[in-house]
Amino acid sequence: MAAKPERPSPIEALKDRLPGESILDDLTEQLDRTRRLLTSNPETAADEALSRFAGEAEVEARIAADFAAAGPLANPGRFLEAHRLAIRALEVLDRDGSRDPTVSRRFGPLRGLVRRGVEFVAEYIVKTYAENVVSAMQRLYTRREPQAPRGSTERAHLSQARVEIERVAPGFRGGGIGVPALVAGGAAVPLLASASQYLGAVDFLAKPVLVGLFAGLFVLFGLLSSVLLSGAAVAHRRSKLIMRQPLAALWETVGNCGNPPRMTRGSSPPSPSSSPPWSGSLSRSAVWSPTS
């Protein structure tokens, strides 16, 4: 079995550099070569990357491709359009992400109470997710703006988007205390029972009291778990419907910036079969971003 060729160390690369050639010159040449391969012949670029990173993790090849990106924006002409679409989606998420959830009729007379609880939980999760999205957009714009040359169109677009996202960010901060308060309320029931027994208010050793207590706790915790799960499901479904495609479009116009924030790990990329009404404002090529 033939031995793998050893890659030259950075010290050896420095020794081979021509007199008067700086590290920046060498790096610029490598990036230009990678950029030409990526734009002219993708198959050759893939073969080159595989041979260059033989035995290395795939992430290193992806890092090299990201580092060789030509500019701070992949599609400057449509960046502001995608930015405005994302801001609009955030407004819709904040207003309708948790409002009026559907609750099963099996809860009977408790249906109204359960609906309030589901909306309470969904609102907490949705607001927390919206805060994470705004923070990710603000961080992305702030990091890309210094990469654009002064006076360029990209710099002006990124500066405008950064100022706008910083202006609206305070309105999306603070997810509230919904879920922690709800869980704490359920956990407080056994504590109240222990306190009542200690004070002698209720004889918990009596069999009818024990049966009633366990039955009540079973119903209470079953109801609490149902509210938590239903609220999480509502928040995930609506956040996915409202935010997934606008964020995919925005991240694609920026380019080489990883994946947009998602409600949960392992979410699949946007599929053309489920598109919200506003997806027509961007072309389909601008909406779907390839997963890395």
Start with the C-alpha distance between Val92 and Met243, add both sets of side-chain angles, then the distance that settles side chain to side chain contact (heavy atoms under 4.5 Å, CB included), and finish with yes or no.
-> CA-CA 9 Å; Val92 175; Met243 295 303 305; over 6 Å; no
Testing the basics here: between [X] and [Y], what is the closest heavy-atom pair and its distance to 0.1 Å?
X      : Y      : result
Pro101 : Arg115 : O-NE, 3.6 Å
Ala235 : Ala122 : CB-O, 3.9 Å
Pro246 : Ala86  : CB-CA, 4.2 Å
His157 : Pro76  : CD2-O, 3.4 Å
Val121 : Ala232 : CG1-N, 4.2 Å
Pro261 : Ala136 : CG-CB, 3.9 Å

Give, for atom [atom1] of [X] and atom [atom2] of [Y], the distance between the pair rounded to the nearest 0.5 Å.
X      : Y      : atom1 : atom2 : result
Phe79  : Gln160 : CZ    : CD    : 8.5 Å
Ser239 : Arg262 : OG    : CZ    : 14.0 Å
Leu85  : Leu250 : CG    : CG    : 8.5 Å
Arg95  : Leu90  : CZ    : CG    : 11.5 Å
Leu247 : Glu252 : CG    : CD    : 13.0 Å
Ile242 : Tyr129 : CD1   : OH    : 10.0 Å

Kindly say whether Tyr124 contributes a backbone atom to a donor-acceptor pair with the side chain of Thr128 at under 3.5 angstrom?
->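 Answer holds: yes.
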Donor-acceptor pair, side chain of Ser152 and main chain of Pro149, under 3.5 angstrom =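 Checking the backbone N and O of Pro149 against the side chain of Ser152, a donor-acceptor pair under 3.5 Å is found.
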Would [X] and [Y] pass as an ion pair if we require N to O under 4.0 Å?
X      : Y      : value
Arg167 : Glu164 : no
Glu119 : Arg116 : no
Asp96  : Arg238 : no

Going through the distances and angles, do Ile87 and Ile165 end up as a side chain to side chain contact (heavy atoms under 4.5 Å, CB included)?
-> CA-CA 8 Å; Ile87 297 294; Ile165 197 66; 3.6 Å; yes
Salt bridge (charged side-chain N to carboxylate O under 4.0 Å, His left out) between Glu81 and Arg84: does it pass, once the steps are laid out?
-> CA-CA 5 Å; Glu81 182 183 358; Arg84 290 191 294 267; 5.9 Å; no
Hphob cluster co-occupancy, Leu229 + Val114, side-chain heavy atoms under 4.5 angstrom =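 Looking at the clustering, Val114 is in a separate group from Leu229.
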Any pair with a residue in residues 136-150 that passes side-chain hydrogen bond (donor to acceptor under 3.5 Å, both in side chains), sequence neighbours left out, goes on the list, sorted by first then second residue, please.
->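 For residues 136-150: His83-Tyr141, Glu145-Arg162.
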Answer whether the closest heavy-atom distance between the side chains of Ser159 and Glu154 falls below 4.5 Å.
->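 Side-chain contact under 4.5 Å: no.
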side-chain contact (heavy atoms from CB on, under 4.5 Å) partner of Leu158, chosen from Val163, Leu140, Leu73 =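 Considering Val163, Leu140, Leu73, a side-chain contact (heavy atoms from CB on, under 4.5 Å) with Leu158 is found only for Leu73.
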